[in-house]
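Before any comments, here is the structure.
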Amino acid sequence: MPAPTAYSAANVEAKWYQHWLEKNYFHSEPDEREPFTIVIPPPNVTGLLHMGHMLNNTIQDILIRKARLDGRNACWVPGTDHASIATEAKVVKKLRAQGIKKSDLTRDEFMTHAFAWKEEYGGIILEQLKQLGASCDWERTRFTMEPELYKAVIKVFVSLHKKGQLYRGLRMTNWDPAAQTVLSNEEVIHTDENKNLYHVRYKVAGTDDEYIVIATSRPETIPADTALAVHPDDERYRKYHGRKVIVPLVNREIPIIVDDYVGIDFGTGALKVTPAHDMNDNALGEKHGLEVIDLLNPDGTLNANAQFFVGMDREEARVAFVKKLKATGDLLETKPYRTSVGRSERTNAVVEPRLTLQWFLRMDDMAVTALGAVESGEVKFHPENMVNMYRSWLKPENVRDWCVSRQLWWGQRIPAWYWNDEVFVAETAEEALAEANRKHATADIKMEDLKQDDDVLDTWFSSWLWPISVFDGFKDPKELEYYYPTSDLVTGWDIMFFWVARMIMAGYEFSEDLLPKKLIEEKGKMPFKNVYFTGMVRDEKRRKMSKSLGNSPDALELLKNYGADGVRFGMMRSAAAGNDIVFDAPIDPETKEVLNTSELCNQGKKFCNKIFNANRLIQGFEQVDRAPDPVTVLAGRWLEAKLNQTITEVDRMLGEYRISEALATLYNFIWGDFCSWYLEAIKPADGKLSSETYELTISAFERMMTLLHPFMPFITEEVWHQLRERKDGEDCVVSTWPTAGSFDKKVIEDFTLLQDIISSTRDIRNQRGVTQKEELKLFVQRSEATEALIGAVAGAKDFVEKSGVMSSVELTDSTPDNALPFLVGNDKGYLVLNEEIDLEGERAKINEEIARLEKQVNGVNRKLANEKFVSNAPDAVVAMERKKLADWSAKIDSLRAMV
RNA sequence: GGUCGAUUAGCUCAGUUGGUUUAGAGCGUUGCAUUGACAUUGCAGAGGUCACUGGUUCGAGCCCAGUAUCGACCA
């Protein structure tokens with residue numbers, strides 16, 4: 001039965017991943033080797049693999065596999081975070097489908113349901129990462145809500161409280177009325193929406209018919225107004241400075257305040273101020289000492305302060321108020337108005353600014369530390385220009401204290417116990433009670449007198465500890481001492497502030513307390529040394545790929561269609577560091593659905609097939625004991641030089657995190673140089689290859705497989721095993737990264753010129769309609785250069801004959817008849833065609849080429865005639881220009897001789 | 001409105017700190033090729049005033065200023 005001619009990824013990939021797991025190659029234990037550590041950006045436990053994950057984790061896998069091949073102790077820690085809002089929403093929804101309301105459950109009952117949900121549905125994404133080939137140390141898988149990590153969070157909270165960095169305060173926060181929780185700024189998505197701007201008149205107190213007209217988009221908040229503001233320079237309202245107006249409907253007097261915050265040109269130039277329901281109004285209120293009236297319930301319905309429509313949702317109430325204001329004649333005008341509306345990322349509810357009592361972490365000092373860590377270079381960003389964004393995030397004027405409490409159950413419950421108005425923060429209720437009794441010795445406080453805070457901590461309050469907590473650093477520093485600081489972090493720039501900055505803060509805040517001083521001095525406090533920022537994956541219309549837009553291809557379908565190697569190749573070829581990548585999955589014009597196809601991934605799949613077939617070719621040769629022919633010797637020397645050159649380049653590119661370029665370099669080398677030139681050059685007519693050549697070929701091929709392994713682990717492991725008999729424990733994944741040897745540039749230059757000769761003759765054949773198979777005669781004008789190459793380099797002549805399909809290649813001193821001339825370096829070559837040729841047509845082309853070269857020669861002459869250039873430019877540059885001049889002049893001479 | 005970034009081939013992008021680049025790659029495109037590893041292929045070709053205007057420099061795709069367009073983030 002003939003071997004299949006096409007590579008099939010599915011079986012190969014499953015087989016090797018299983019093998020690697022059985023060999024436990026991905027597991028790391030501290031030893032005497034240098035560690036190379038990556039902690040995964042923990043995906044949301046509810047998450048499913050999407051394009052962003054595939055990009056991100058492919059890069060991490062490339063880095064970790066490369067480190068493993070370099071002989072370092074590679075440790076990639078996987079895990080998930082508990083995603084409080086998203087997970088709680090899913091659990092609530094599932095319970096509701098079963099007819100259970102969250103409000104009917106106790107907190108403990110709810111948590112039991114939530115953990116059950118996590119066991120059943122959570123962490124699917126980690127299984128999906130295996131399909132991508134991710135070489136994570138699965139024994140180290142962590143989860144931010146598991147007991148040890150829970151304890152770490154609590155410990156950190158208590159410690160920060162002791163240091164005075166946590167406080168409780170009333171703040172304007174983003175309130176999600178659907179989830180009934182506070183959102184961080186980053187969890188609110190602002191988009192422009194169509195709204196109305198209502199012009200409402202406020203009667204000036206003490207007059208009968210004088211009104212000031214304000215413009216508002218939120219008439220339902222009128223009962224909570226506590227001032228009316230105008231710009232100090234606005235002539236229209238100058239006469240009302242210091243007076244009062246009467247709020248319509250509720251007939252309450254409020255002051256007219258003057259502030260240059262008010263836009264004279266916006267609306268009517270008069271602004272109603274509602275400190276409880278608008279961020280800017282709140283700031284105004286604080287500045288002018290205004291009263292705060294809150295008219296909303298937590299669920300977004302109106303409370304008694306509204307006086308009208310109590311219990312009605314704010315959106316409906318707006319309509320009702322408009323109707324009522326119209327009826328009283330106070331509504332003068334309604335204008336359509338487009339403005340930015342903030343909605344909850346999770347529930348899509350319109351976010352309400354709301355004053356709530358929250359726990360805050362002071363950010364000022366930490367932000368300075370975190371900025372310094374990057375600016376000093378202790379933490380390096382790739383690409384470097386990401387520091388600009390980081391700096392703008394962390395500027396003192398942009399830093400706000402971190403609101404860490406969330407009104408949810410799924411998360412670490414804040415370890416704060418209240419006794420009357422006093423708070424006691426401790427790791428356990430018992431400690432809090434002891435503390436309370438210490439302070440109030442006579443009060444005899446009992447456990448039931450204490451009430452624990454109902455809120456849980458922000459999920460990021462878990463993830464910012466990740467590089468420390470995954471090694472149980474808060475419990476026992478043993479592993480932390482070995483693995484910390486971690487090497488590289490790979491993540492999207494969109495969570496630079498959210499997560500990266502905060503991990504740096506945590507690293508500097510806690511590592512000192514956890515690790516021996518000597519170690520800190522040696523290795524530093526930073527959580528990681530390098531951060532590689534990936535771009536966002538966008539669709540062909542440049543929109544960010546997201547679940548809600550439905551514009552993301554199905555990651556698993558892509559893996560099925562192209563294999564993990566194909567997809568990894570496709571992702572990486574389009575992913576220059578930091579730049580957003582436009583992924584080519586097309587959208588069906590009919591159905592508007594995204595198709596799970598990709599030309600980029602297909603290219604990767606084809607590359608696998610190419611490698612697979614190159615191996616088939618080599619395996620098909622019969623090894624014989626004979627001396628290799630000169631072509632093979634020449635090609636072999638060239639391949640070795642070219643391979644060393646390639647390794648040098650790939651090493652440099654990976655060192656600079658230019659991952660996609662490293663892959664492109666390997667692709668071009670393997671496909672172009674190895675398959676298209678080398679294998680064609682050594683291909684024996686009789687199918688028999690000298691053992692020496694066979695060994696050289698296999699040796700080069702297996703090094704290529706190791707080089708490509710980090711990028712495309714499966715095909716490389718498969719082929720690596722087919723190249724030689726391997727012992728147990730010998731696998732590509734744990735082979736050794738090849739060392740770049742020195743190489744003779746002359747060997748590459750000579751070979752390149754021979755390749756040029758062959759390409760030129762192929763071009764002439766194409767233009768003349770002469771088949772590539774017909775053997776032709778080639779003459780090369782004798783010169784010092786051609787003598788040194790064709791005459792002196794062993795195998796040069798034979799190589800041109802073989803790959804150029806020539807019956808003979810000879811040096812000549814005369815001009816052969818009936819031959820088409822072309823340039824061989826700076827000299828002339830003549831291809832003899834077995835047909836009458838007309839040189840007339842050729843002349844025009846040659847003259848054109850002469851004209852082009854003359855223009856360039858003129859340019860160089862001008863340069864060299866310029867004394868300033870000759871005296872200022874480095875010698876090497878001047879010499880280069882002189883060489884250009886000599887080369888081009890020689891070419892022109894050769895071309896002139898042709899016509 | 002504020003800040004940052006981008007503009008290089010039909011498309012998507014490189015271009016490593018100003019001179020070996022006579023601006024590259026992949027895809028697409030054009031022509032030719034099919035019994036010999038692979039049509040998931042091979043060979044070759046065409047295609048660019050590096051957005052525009054000025055400046056610095058012996059020398060600019062790269063540095064500076066302005067203009068235009070686009071994008072992102074923040075408000």
Side-chain angles (χ1 to χ4, degrees), chain A residues 3-7 185-186 190 263 279-280 340 342 383-386 388-389 391-393 395 398 493-494 496-497 535-536 538 540 542 544 562 566 570 573-584 599-600 602-621 652-653 655-656 658 660-661 664-665 667-668 671-672 675-676 679-680 683 685 687 758-773 803 805 852-853 855-857 859-860 862-874 876-881 883-884 887-888 891:
Chain A
T5 60
Y7 174 68
N185 286 337
E186 293 79 9
H190 292 271
M279 299 275 181
N280 295 316
S340 171
E384 244 176 290
N385 64 10
M386 284 290 163
N388 290 336
M389 193 188 292
R391 197 177 289 125
S392 87
W393 273 109
K395 283 195 286 210
N398 284 343
W493 53 258
D494 55 332
M496 181 188 284
F497 180 72
M536 302 291 104
R538 298 181 183 276
E540 52 183 14
R542 298 195 156 272
K544 193 168 159 179
Y562 303 106
R573 274 312 294 277
S574 50
N579 283 350
D580 286 359
I581 82 168
V582 175
F583 194 78
D584 67 339
E599 271 313 308
L600 285 168
N602 199 35
Q603 205 187 334
K605 185 181 171 181
K606 289 199 241 177
F607 189 29
C608 291
N609 195 54
K610 188 73 184 177
I611 294 168
F612 175 79
N613 274 292
N615 180 49
R616 277 184 66 219
L617 173 70
I618 296 165
Q619 300 308 324
F621 295 146
R652 198 192 69 232
M653 288 165 174
E656 295 168 8
R658 306 165 82 89
S660 66
E661 284 174 54
T665 302
Y667 176 81
N668 291 335
W671 197 309
C675 294
S676 295
L679 290 180
E680 290 302 328
K683 199 186 272 183
I758 294 164
S759 290
S760 297
T761 63
R762 285 169 178 166
D763 185 21
I764 292 171
R765 288 170 190 262
N766 265 334
Q767 288 172 18
R768 294 280 155 168
V770 177
T771 150
Q772 305 286 355
K773 282 184 164 172
S803 287
V805 195
R852 193 181 68 88
L853 284 169
K855 221 170 128 188
Q856 289 176 181
V857 165
V860 175
R862 262 201 307 279
K863 240 184 191 180
L864 289 171
N866 184 337
E867 263 180 53
K868 282 185 180 168
F869 170 71
V870 179
S871 53
N872 288 337
V877 173
V878 178
M880 188 52 53
E881 292 300 318
K883 183 168 186 311
K884 275 185 197 170
D887 282 354
W888 292 339
K891 277 185 211 284

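What you are looking at is a predicted structure, and each value in this text was computed from that prediction instead of being measured. Order of the sequence lines fixes the chain letters, A, B, ..., with proteins taken first and strands second; residue numbering starts at 1 for each chain.
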- Contacts of A/Lys683 and A/Met653 projected onto RNA chain B by closest heavy atom; the upstream (5') one is A/Met653

- Message: Regarding A/Arg765, tell me which of base, sugar-phosphate or nothing describes its non-hydrogen contacts under 4.0 Å with the strands shown.
- Response: nothing

- If you look at every strand shown and take non-hydrogen atoms under 4.0 Å, does A/Ser759 touch a base, only sugar-phosphate, or nothing? sugar-phosphate

Which atoms of nucleotides 2-8 of chain B (N or O only) lie under 3.5 Å from a protein N or O atom, and what are those distances?
{"from": "B/G5", "atom 1": "OP1", "to": "A/Asn388", "atom 2": "ND2", "distance (Å)": "3.4"}

- Message: Applying the Watson-Crick and G-U wobble criteria at under 3.5 Å, what pairs with B/C58? Answer none if nothing qualifies.
- Response: B/G19

- Among the candidates B/U16, B/C74, B/U41, find the nucleotide nearest to the side-chain atoms of A/Lys606. B/U41

- Query: Between B/C73, B/U22, B/U20, which one does the side chain of A/Lys891 approach most closely?
  - Reply: B/U22

- Presence of A/Arg573 side-chain N/O under 4.0 Å of B/A25 phosphate oxygens OP1/OP2: no

- Message: In this structure, how many angstroms lie between the P atom of B/C74 and the CE atom of A/Met496, rounded?
- Response: 12 Å

- Note on the structure: Scoring nucleotides 29-34 of chain B by protein non-hydrogen atoms under 4.0 Å (B base, S sugar-phosphate only, - none) yields --B---

- Message: Whole angstroms only, please: what is the CZ-P distance between A/Phe612 and B/U41?
- Response: 15 Å

- Task: Compare side-chain N and O positions of A/Arg762 against OP1 and OP2 of B/A44 and report whether any pair is under 4.0 Å apart.
- Result: yes

- Query: To the nearest angstrom, how far is A/Leu600 atom CG from B/C13 atom P?
  - Reply: 11 Å

- Task: Check every atom of B/U22, B/G45, B/U16 against the side chain of A/Asp763 and return the nucleotide holding the closest atom.
- Result: B/G45

- Query: Can you tell me how far C1' of B/C38 sits from CD of A/Gln619, to the nearest Å?
  - Reply: 15 Å

- Check every atom of B/C38, B/A37, B/U20 against the side chain of A/Asn609 and return the nucleotide holding the closest atom. B/C38

- Nucleotide of B/G15, B/G42, B/A37 approaching A/Leu679 most closely (side-chain heavy atoms): B/A37

- With both distances under 3.5 angstrom, what nucleotide forms a Watson-Crick or G-U wobble pair with B/G5? B/C70

- Under 30°, 30 to 60°, or over 60°: which ring-plane class applies to A/Tyr667 and A/Phe607, parallel, tilted or perpendicular? perpendicular

- Would you say a side-chain N or O of A/Trp671 is under 4.0 Å from OP1 or OP2 of B/G42? yes

- Taking for each residue the nucleotide of RNA chain B bearing the nearest heavy atom, is the 5' side occupied by A/Phe607 or by A/Asn280? A/Phe607

List every contact pair, protein side and nucleotides 56-65 of chain B side both N or O, where the distance is under 3.5 Å.
{"from": "B/C58", "atom 1": "O2'", "to": "A/Asn866", "atom 2": "ND2", "distance (Å)": "2.9"}

- Message: Rounding to an integer number of Å, can you tell me how far A/Met279 CE sits from B/A75 P?
- Response: 9 Å

- Message: Mind checking if A/Glu680 touches a base, just sugar-phosphate, or nothing, with heavy atoms under 4.0 Å?
- Response: base

- Does B/A65 have a Watson-Crick or wobble partner in any strand here, with both distances under 3.5 angstrom, and which is it? B/U53

- Between B/A37, B/G26, B/U22, which one does the side chain of A/Arg616 approach most closely? B/A37

- Item | Chi angles and distances behind the side-chain contact (heavy atoms from CB on, under 4.5 Å) call for A/Lys884, A/Val857 | CA-CA 8 Å; A/Lys884 275 185 197 170; A/Val857 165; over 6 Å; no

- Message: Considering every strand and a 4.0 Å limit on heavy-atom distances, what is the contact class for A/Cys675: base, sugar-phosphate, or nothing?
- Response: base

- Query: Using a cut-off of 4.0 Å on non-hydrogen atoms, how would the nucleic acid contact of A/Glu661 be classed: base, sugar-phosphate, or nothing?
  - Reply: sugar-phosphate

- Nucleotide nearest A/Lys884 (side chain, heavy atoms from C-beta), chosen from B/U20, B/C43, B/U41: B/U20

- Message: Taking the minimum atom-to-atom distance to the side chain of A/Ala6, which one of B/A72, B/C38, B/U40 wins?
- Response: B/U40

